[in-house]
Amino acid sequence: PNYFILTSGSKQGVADDGPYEPTGTNLFHQLTGVGRAWRTYAQGYPGNCFSGAQSPAVPDGPGLPGVYRRAHDPAISFTDVNNYRSECDRIRPLSDFDPSAADFELIVPNDMNSMQNGSVRNGDAFLAALLPRITGSAAFTNSVVFVTFAEGTTNAGGGGRVATIAIPSSGTAVWDPTKTYGHDSILRTVEQAWSLPLLGTASTAPPILFTESPQALAPAPTIAATPRPTASWPPGATASRMDLLTPCSDVAGCYVYVVRSAAENGSPVNDDLPSIARFFGVTEAGIDALNPGLTTPLIPGQPLRIPPPTR
């Protein structure tokens with residue numbers, strides 16, 4: 001459940017490491033919804049939207065071969081990721097790691113390099129090999145790396161005390177000794193930086209501040225929707241429709257629309273594929289092509305890629 005708190009501000013009703021499929025709103029959904037790219041690099045992950053409980057140990061990136069465990073990979077459990085090929089394809093093995101591939105990247109070591117079944121020496125060697133690839137990259141400008149652990153050795157505070165290290169590209173992290181930080185503090189720091197709504201307990205968790213806040217993670221004074229760019233509107237598109245879209249971060253000629261409920265779209269029924277195609281003046285086939293493995297009915301809150309609107 002710590003991984004769900006880290007990415008959704010909630011345990012999602014989970015109390016153990018079993019396979020679950022929570023439906024709650026999460027950081028991955030938020031990022032896709034505002035057009036920010038995300039990746040999970042899970043060591044030993046077999047790919048192909050694998051959703052099994054674990055996968056046998058294989059060499060994958062730095063450190064020792066070890067077992068991949070789904071319980072440590074929160075993205076694949078959320079239904080708005082595992083039900084959509086375009087989303088679960090963002091989860092990659094660590095051998096695919098690219099520090100410049102996305103705005104937000106979550107790295108999940110295997111059970112040896114995470115020190116769950118390995119030694120502290122194993123974990124040190126893993127970080128010594130991986131961190132310079134991040135901090136030495138041009139993509140690290142205006143960014144921050146968080147290194148944290150899932151749980152401590154006691155039940156203090158619900159899961160014990162854990163070490164958490166913040167490595168900003170400039171300045172240093174500022175920790176207030178009068179406050180209690182948790183995994184939801186990292187979530188709040190990320191959401192606040194990008195003006196995303198604060199999920200669950202992130203709304204009350206203290207954020208992590210910096211002496212020289214990286215631009216990409218500077219705390220925002222208010223929580224507001226990310227402005228939609230207008231300079232690249234396709235010919236024929238109207239402002240009212242474009243206000244509902246954000247450009248895809250990784251594909252040209254593509255926009256992200258978040259499926260609306262009946263209450264949100266002002267009609268008797270939730271959005272469906274034909275109504276979305278008509279509304280934006282695009283074809284259903286064009287939407288299908290941008291969303292491999294798309295299934296219906298669509299779910300309110302689901303991110304959907306569409307071609308350039310003509311209306």
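At least one side-chain heavy atom of W194 sits less than 4.5 Å from a side-chain heavy atom of R36. The shortest distance between side-chain heavy atoms of L196 and L31 falls below 4.5 Å. Annotation: side chain of L27 is in contact with side chain of E191 (closest heavy-atom distance under 4.5 Å). Residues M115 and F126 have side chains not in contact (no heavy-atom distance under 4.5 Å, counting atoms from C-beta outward). By the 4.5 Å heavy-atom criterion applied to side chains, R85 and N291 are not counted as neighbours. The closest side-chain heavy-atom distance from I167 to L131 is below 4.5 Å. At least one side-chain heavy atom of P309 sits under 4.5 Å from a side-chain heavy atom of L245.
Judged by distance alone, with hydrogens and angles left aside, the side-chain atoms of T310 form a donor-acceptor pair with the main-chain N or O of G281 at under 3.5 Å. Panel note: side chain T211, backbone T172; a donor-acceptor pair is recorded below 3.5 Å. R188 places no side-chain N or O within 3.5 Å of a backbone atom of P207 that could act as its donor or acceptor partner. With hydrogens and angles disregarded, no donor-acceptor distance shorter than 3.5 Å links the side chain of H72 to the backbone of D111. With hydrogens and angles ignored, the 3.5 Å screen pairs a side-chain donor or acceptor of D98 with a backbone N or O of S100. Put simply, the side chain of S8 gets close to the backbone of F4: a donor and an acceptor are under 3.5 Å apart. Formation of a donor-acceptor pair under 3.5 Å by the S114 side chain with backbone atoms of P109 is not found in this model. Between the side chain of Q43 and the backbone N or O of P62 there is at least one donor-acceptor pair closer than 3.5 Å. Y20 contributes no side-chain N or O that, together with a main-chain N or O of F78, makes up a donor-acceptor pair within less than 3.5 Å. Judged by distance alone, with hydrogens and angles left aside, the side-chain atoms of S95 form no donor-acceptor pair with the main-chain N or O of D60 at under 3.5 Å.
Note: F210 and F146 have tilted aromatic rings, judged against thresholds of 30 and 60 degrees for the angle between ring planes. Between F104 and F28, the ring planes lie perpendicular to each other; the angle is over 60°, past the 30° to 60° tilted range.
In plain terms, the two heavy atoms of M112 and N117 that are nearest each other are SD-O, 3.8 Å. Closest approach of P132 and L127 over heavy atoms only: CD-O, 3.8 Å.
Between I287 atom CD1 and F280 atom CZ the span is 8.5 Å, to the nearest 0.5 Å. Taking OH from Y181 and CD1 from I208, the interatomic distance works out to 7.5 Å, rounded to the nearest 0.5 Å. One distance of note links OG of S169 with CD1 of I134; it measures 12.5 Å at 0.5 Å rounding.
Residues E87 and T32 have side chains that bring a donor and an acceptor to within less than 3.5 angstrom of each other. N113 and N122 share no side-chain donor-acceptor pair at under 3.5 Å. Inspection of the R92 and T40 side chains reveals no N or O donor paired with an N or O acceptor under 3.5 Å. If you check the side chains of D80 and N26, you find a donor sitting under 3.5 Å from an acceptor.
Hydrophobic cluster membership is shared by F97 and V147, with clusters built from Ile, Leu, Val, Met, Phe, Trp and Tyr side chains linked at under 4.5 angstrom. Connection of Y3 to L187 is not established within any shared hydrophobic cluster, with ILVMFWY side chains joined at heavy-atom distances below 4.5 Å, either directly or through further cluster members. Follow the hydrophobic side-chain contacts under 4.5 Å out from V67 and you never reach V108; the two are in separate clusters. In the hydrophobic clustering of this structure, V14 groups with V81; members are Ile, Leu, Val, Met, Phe, Trp, Tyr whose side-chain heavy atoms approach within less than 4.5 Å, directly or through other members.
Judged by the 6.0 Å and 45° rule, R90 forms no cation-pi pair with Y84.
For the side chain to side chain contact (heavy atoms under 4.5 Å, CB included) with F279, the qualifying choice from L244, I306, D271 is L244, the only one to do so.
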Review point. Given Y68 and D73, is the side chain to side chain donor-acceptor pair (under 3.5 Å) satisfied, shown in steps?
Key: CA-CA 9 Å; Y68 160 85; D73 178 7; 2.8 Å; yes

Exercise for review: Please lay out, stage by stage, how Q302 and T79 fare under the test side-chain contact (heavy atoms from CB on, under 4.5 Å).
Suggested key: CA-CA 10 Å; Q302 171 187 340; T79 56; over 6 Å; no

